[in-house]
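For ligands, and for the atoms within them, numbers begin at 1 and follow the listed sequence.
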Amino acid sequence: MNAQHNIVLIGPPGSGKGTQAARVCERYAVPWISTGEILRAAVKARSPLGEQVHETLASGSLVDDALMIELVRGRLAEADAKTGFVLDGFPRTIHQAVALDELMTGHCLMASLLSVPEAELERRLGARRICSTCKALYSTGTRYGSEEELCSKCGGTLIRRDDDNIDVIRTRLQTYRKAADPLVAHYRALGKLTVVDGTLPSDTVTRAMLSAVEQAYGLIAAKK
Ligand code: AMP
């Protein structure tokens, strides 16, 4: 690992985190490291790790800290993470955050929070539709509307996914907040947090995020 662009990305479901992560990774030529993706791939491949975590993933609870820390330690030691990384989904607990701080001793690390008010997240997640036939994704302007809409690609009926109903959305946001609030406080206390307004148009968010990274790394470099 070197001191290039080591970024922890924090953002609720519906904040556009995936899109922004991809753009930041492209800009700095660093890997996107999503612990959720790594675990899901392991479950799919039925690897020993997958066998170990599949029940936890299915239940929606958190995988053991020690296992996650070892997983991330190994992943960050890989060659492609030498110039930096965008970590997504890790840390999830203060214990993990402290372990990451220790792992990054002597290296720069910044946390970027994609901030979107909860009412807007509910609107965005509630507006998501999927084509029941070809599975194309849509965002309708409607909020929890029940009017029938059709897929422009295949004419199939657009439906809301089971986990995009308002009760499930609120539970997911609450779970996120419970995990994220202490992490945000942790990075803020360390002076490592930058907050980006996730309600702005996607390209503006990217520019704001990249400029926050440049600024953070400029300041960190200047401090050295
Ligand atoms: P995600 O895609 O980030 O929502 O992660 C999917 C699932 O993987 C979570 O519900 C957890 O079961 C597990 N997981 C991912 N990252 C972590 C982590 N840092 N600590 C504990 N469990 C995790």
Side-chain angles (χ1 to χ4, degrees), residues 1 6-25 30-78 81 84-104 109-116 118 121-122 124-125 128 130 135 137 161-165 167-187 190 192-193 198 209:
M1 275 179 282
N6 304 320
I7 300 159
V8 167
L9 199 51
I10 305 171
S15 63
K17 189 162 55 114
T19 306
Q20 299 303 331
R23 292 177 182 175
V24 174
C25 286
V30 295
W32 171 60
I33 300 178
S34 157
T35 46
E37 279 299 313
I38 294 173
L39 296 173
R40 274 189 292 276
V43 169
K44 204 168 165 207
R46 295 170 181 261
S47 69
L49 171 66
E51 295 297 314
Q52 211 175 335
V53 301
H54 84 270
E55 279 178 17
T56 312
L57 255 72
S59 75
S61 47
L62 288 183
V63 174
D64 177 64
D65 276 344
L67 197 158
M68 291 309 301
I69 291 164
E70 273 321 298
L71 181 75
V72 168
R73 189 198 306 276
R75 182 62 187 87
L76 297 189
E78 284 179 31
F85 52 79
V86 171
L87 255 182
D88 181 356
F90 184 98
R92 273 292 221 283
T93 64
I94 289 294
H95 192 118
Q96 293 180 9
V98 171
L100 181 64
D101 292 342
E102 283 167 9
L103 212 57
M104 299 304 297
L109 179 75
M110 69 163 285
S112 188
L113 169 67
L114 207 47
S115 173
V116 180
E118 229 149 90
L121 295 170
E122 286 184 12
R124 288 184 187 180
L125 295 167
R128 253 189 348 201
I130 185 166
K135 309 296 176 207
L137 286 172
R161 281 185 354 190
D162 285 350
D163 60 349
D164 280 343
N165 80 60
D167 290 333
V168 179
I169 288 169
R170 289 197 171 138
T171 306
R172 283 165 65 202
L173 292 179
Q174 198 182 0
T175 306
Y176 162 78
R177 214 179 326 118
K178 230 171 112 189
D181 286 356
L183 297 171
V184 169
H186 175 81
Y187 288 116
L190 292 176
K192 291 182 174 174
L193 183 77
M209 196 162 260

>> Please enumerate all residues that pass salt bridge (Lys or Arg N to Asp or Glu O under 4.0 Å) together with Glu78, with sequence neighbours excluded.
In response: Arg75
> Residues in salt bridge (Lys or Arg N to Asp or Glu O under 4.0 Å) with Lys17, at least two apart?
Replying inline: Asp88
> Under the criterion side-chain contact (heavy atoms from CB on, under 4.5 Å), which of Ile69, Leu183, Leu62, Asp101 is the partner of Gln96?
Replying inline: Ile69
> When you measure from the side chain of Thr35 to the backbone N and O of Gly89, does any donor-acceptor pair fall under 3.5 Å?
Replying inline: yes
>> Quick check for you: to the nearest 0.5 Å, what is the distance between Arg177 atom CZ and Glu118 atom CD?
In response: 4.0 Å
Ligand 1: protein N/O within less than 3.5 Å of ligand N/O:
{"residue": "ligand 1", "atom": "2 (O)", "partner": "Arg40", "partner atom": "NH1", "Å": "3.0"}
{"residue": "ligand 1", "atom": "2 (O)", "partner": "Arg40", "partner atom": "NH2", "Å": "3.1"}
{"residue": "ligand 1", "atom": "3 (O)", "partner": "Arg92", "partner atom": "NH1", "Å": "3.1"}
{"residue": "ligand 1", "atom": "3 (O)", "partner": "Arg92", "partner atom": "NH2", "Å": "3.2"}
{"residue": "ligand 1", "atom": "4 (O)", "partner": "Arg92", "partner atom": "NH2", "Å": "3.1"}
{"residue": "ligand 1", "atom": "5 (O)", "partner": "Arg92", "partner atom": "NH2", "Å": "3.3"}
{"residue": "ligand 1", "atom": "12 (O)", "partner": "Ser61", "partner atom": "O", "Å": "2.6"}
{"residue": "ligand 1", "atom": "16 (N)", "partner": "Thr35", "partner atom": "OG1", "Å": "2.8"}
{"residue": "ligand 1", "atom": "16 (N)", "partner": "Gly89", "partner atom": "O", "Å": "3.4"}
{"residue": "ligand 1", "atom": "16 (N)", "partner": "Arg92", "partner atom": "NH1", "Å": "3.4"}
{"residue": "ligand 1", "atom": "19 (N)", "partner": "Gly89", "partner atom": "O", "Å": "2.9"}
{"residue": "ligand 1", "atom": "19 (N)", "partner": "Gln96", "partner atom": "OE1", "Å": "3.0"}
{"residue": "ligand 1", "atom": "20 (N)", "partner": "Gln96", "partner atom": "NE2", "Å": "3.0"}
{"residue": "ligand 1", "atom": "22 (N)", "partner": "Val63", "partner atom": "N", "Å": "3.1"}

>> The criterion is side chain to side chain contact (heavy atoms under 4.5 Å, CB included); which residues satisfy it with Val43, sequence neighbours excluded?
In response: Val53, His54, Leu57
